[in-house]
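Everything on this sheet refers to the single structure shown next.
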Amino acid sequence: MLQKRTRIFFLNILFLMYSSPTPALAQKISGSTNYSDKPKLVVGIVVDQMRYDYLFRYREKFGKDGFMKLLNEGFFCANTHYNYIPTFTGPGHACIYTGATPSINGIVANDWYERKENDTMYCVQDKSVQTVGSTTQAGMMSPKNLLTTTITDELRLSDNFQSKVIGISLKDRGAILPTGHTANAAYWFDGTNGNWISSSYYMQDLPAWVKEFNSLKLPDHYLSAPWKTLLPMEQYTESTADDNAYEEPYPKELKPVFPHDFPKIRENDFELVRKSPAGNTMTKELAIAAMKGENLGKGSHADFLAISFSATDYVGHQFGTNAIETEDTYLRLDKDIAELLSYIESTYGKNNVLVFLTADHGALQNPQFLADHKIPAKALKAKDVEAYLKSNLNTVYGTSDFVSCILNDQVYLDQNSIASKQLNPDEVENTVAEILNGFDGVSNTVTATQLSFFEFAEGGRNLIQHGYNSKRCGDVMIMAEPGVIEYKPTGTTHGSGYSYDTHVPLLWYGWKIPQGSTSDKITVTDIAATLASLLHIEFPNGCTGHPIRDLVK
Ligand SMILES: [Zn+2]
């Protein structure tokens with residue numbers, strides 16, 4: 001125990017140290033973190049369906065100012081994965097911005113089955129709101145199905161709603177989910193009339209700058225000429241030769257080959273813009289128009305612009321991961337990103353803007369392409385899985401009409417129907433699982449009961465558990481074998497817990513970001529946690545991620 005006089009002596013010393021610091025101490029204090037420091041703007045970039053390996057596959061052909069600028073001058077997290085199943089667009093965007101898995105944020109798929117309604121629910125569907133900017137129903141969307149806050153909500157909450165948050169994507173879910181419940185605006189593309197639209201959730205009328213952008217009629221311009229390759233065809237050595245059986249031709253095309261004659265094959269709408277690199281270029285143009293039109297980054301609080309480039313996903317589904325079309329789309333996106341970065345740096349300065357880039361999921365190569373190269377893979381037909389299940393259930397129970405639907409590799413059972421037949425619900429659930437385990441291409445199943453009573457620490461069941469929400473998910477979850485997808489034979493898809501779907505690029509750049517890289521295992525839930533730590537704001541309320549140590553130390 002210190003004597004009273006001694007304690008006073010030490011308190012005086014402490015007071016002197018902090019009231020008049022020595023030069024060395026003063027330097028130490030001024031060199032510490034300035035907690036009021038904020039970037040002028042945060043720019044989140046999601047590249048829909050971008051596999052991790054595209055960064056390196058196309059590296060030689062990328063310019064120095066796009067992806068390579070982020071890679072060479074920013075911070076690269078080389079081992080970033082999703083930690084849930086299913087890896088779809090809605091869940092991916094929700095996970096990046098909530099730092100939570102679908103089990104918590106509720107975005108368990110793009111569409112799920114609502115038992116009470118006996119109908120499917122689209123992840124951003126909201127029949128209580130109206131389209132703004134068009135007479136179609138494409139704007140009847142909002143974030144009401146999202147159960148948690150996003151990092152963008154937390155930014156708005158942190159400064160009494162003085163930060164501006166804007167979301168932009170061809171896809172409604174790519175614009176709405178990242179910007180959360182309190183966004184100033186989200187804008188997406190209406191392929192029926194070629195306009196960018198919003199919903200009455202955000203506003204009653206489009207701002208002048210969006211109306212002006214729509215009046216440019218860029219989609220008309222984009223569809224007025226064929227899509228030709230950026231480089232001479234023979235330089236696309238990273239991809240399969242143009243004419244092959246793994247790709248899906250556009251409607252009205254006989255072969256999936258260049259040049260894609262848009263003026264000839266286009267329908268009476270603008271949907272083809274989504275499925276071509278021009279969709280990304282238009283997204284970039286609108287993002288720049290938003291920065292100008294909304295004076296983003298010009299106030300005293302940090303603003304947030306969430307951009308999602310969706311055309312990469314439409315092209316990927318159409319042509320697969322090995323197509324010249326896919327490569328060409330990334331080479332053109334690289335130029336769009338270079339232009340975006342150049343605008344940002346010249347307007348705000350590199351050190352005033354925090355940029356991150358990631359993807360909402362990856363994708364498998366076309367299964368037939370893999371099989372032709374001796375790698376086990378195949379595409380299952382959903383109706384074959386359903387027929388197999390029902391036929392076996394008919395053998396066991398004499399009926400299968402208690403199966404409500406099979407969606408997202410999940411079997412939804414009608415518990416009322418099971419009760420009315422006086423069947424044991426646990427036994428039915430287990431029987432469905434056992435039957436499906438016998439289907440060729442199925443690796444494993446897990447039941448809702450198992451997910452409710454056991455914590456799976458690792459493996460596929462752990463990933464399914466992170467994607468499982470009891471109100472929105474099925475009763476038996478199916479996990480396919482590696483390389484097996486439920487899809488048509490051409491093109492490709494995603495959704496699994498295997499690395500081709502879970503492994504995504506993650507690049508950081510600008511404000512407070514050191515140059516470097518890490519190969520530490522990062523989960524996508526860590527992105528929102530890292531943003532919260534860097535910005536000194538609260539984590540999103542369902543966040544399970546951790547700040548990336550190299551970026552916040
Ligand atoms: Zn996606």
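No hydrogens, no waters, no symmetry mates; every other heavy atom, side chains included, goes into these values.
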Exercise for review: Answer yes if the ring centres of F402 and Y397 are under 6.0 angstrom apart, and no otherwise.
Suggested key: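 Between F402 and Y397, the centre distance is under 6.0 Å.
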
Review point. Is the H466-Y468 ring centre distance short of 6.0 angstrom?
Key: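 Between Y468 and H466, which both carry aromatic rings, the centre distance is not below 6.0 Å.
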
How many angstroms lie between [atom1] in [X] and [atom2] in [Y], if you round to the nearest 0.5 Å?
X	Y	atom1	atom2	result
N118	D414	CG	CG	8.0 Å
L147	N145	CG	CG	7.5 Å
L272	D269	CG	CG	7.5 Å

Exercise for review: Begin from the C-alpha positions of Q130 and S200 and carry the test side-chain hydrogen bond (donor to acceptor under 3.5 Å, both in side chains) through to its verdict.
Suggested key: CA-CA 5 Å; Q130 302 302 314; S200 58; 5.8 Å; no

Review point. Taking the six-membered ring of F270, is the NZ or CZ of R274 close enough (under 6.0 Å from the centre) and on axis enough (within 45°)?
Key: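 Judged by the rule (NZ or CZ under 6.0 Å from the ring centre, within 45° of its axis), R274 is not positioned above F270.
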
**Study point:** Cationic tip of K61 above Y330 ring, under 6.0 Å, 45° of axis
**Key:**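 Pair K61/Y330 does not count as cation-pi.
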
Exercise for review: Show your reasoning for whether side-chain hydrogen bond (donor to acceptor under 3.5 Å, both in side chains) applies to D501 and S496.
Suggested key: CA-CA 6 Å; D501 285 336; S496 81; 2.7 Å; yes

Salt bridge check, [Y] against [X]: does any charged N sit closer than 4.0 Å to a carboxylate O?
X	Y	value
D475	R115	yes
K421	D401	yes
D336	R332	no

Exercise for review: Using ring pair (Phe, Tyr, Trp, His ring centres under 6.0 Å) as the criterion, point out the one residue from F369, F319, Y487 that pairs with Y246.
Suggested key: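 Exactly one candidate clears the test, F369.
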
Quiz question: by atom type and distance under 3.5 Å, do the side chains of [X] and [Y] form a donor-acceptor pair?
X	Y	result
N83	H81	no
N430	E434	no
N437	T445	yes
N193	S134	yes

Heavy-atom pair of closest approach, residues [X] and [Y]:
X	Y	value
E271	T192	OE2-N, 4.1 Å
Y498	A480	OH-O, 2.7 Å
F67	D334	N-OD1, 2.8 Å
D220	R266	OD1-NH1, 4.1 Å
A287	I307	CB-CD1, 3.7 Å
W188	A175	CE3-CB, 4.3 Å

Exercise for review: Kindly indicate, with the supporting measurements, whether the criterion side-chain hydrogen bond (donor to acceptor under 3.5 Å, both in side chains) is fulfilled by H260 and S276.
Suggested key: CA-CA 10 Å; H260 295 285; S276 76; over 6 Å; no

Review point. Is there a side-chain contact (heavy atoms from CB on, under 4.5 Å) between F356 and I96 once you walk through the steps?
Key: CA-CA 11 Å; F356 69 93; I96 294 164; 4.0 Å; yes

Side-chain atoms of residues 376-386: list all donor-acceptor pairs with protein atoms under 3.5 Å, sequence neighbours left out, distances to 0.1 Å.
from : atom 1 : to   : atom 2 : distance (Å)
K378 : NZ     : D440 : OD2    : 2.9
E386 : OE2    : K390 : NZ     : 2.9

Review point. Hey, is the main chain of P505 close enough, under 3.5 Å, to the side chain of T80 for a donor-acceptor pair?
Key: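 No; judged by distance alone, with no hydrogens or angles, the pair does not exist.
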
Exercise for review: Go through T89 and D360 one step at a time and tell me if the side-chain hydrogen bond (donor to acceptor under 3.5 Å, both in side chains) criterion holds.
Suggested key: CA-CA 6 Å; T89 297; D360 56 342; 3.2 Å; yes

Review point. Hey, is NZ on K471 packed in by over 12 heavy atoms from elsewhere, all under 6.0 Å?
Key: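 Open: at most 12 neighbouring heavy atoms sit under 6.0 Å from NZ of K471.
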
Exercise for review: Could you check C543 against T525 for side-chain contact (heavy atoms from CB on, under 4.5 Å), going step by step and ending with a plain yes or no?
Suggested key: CA-CA 7 Å; C543 182; T525 52; 5.6 Å; no

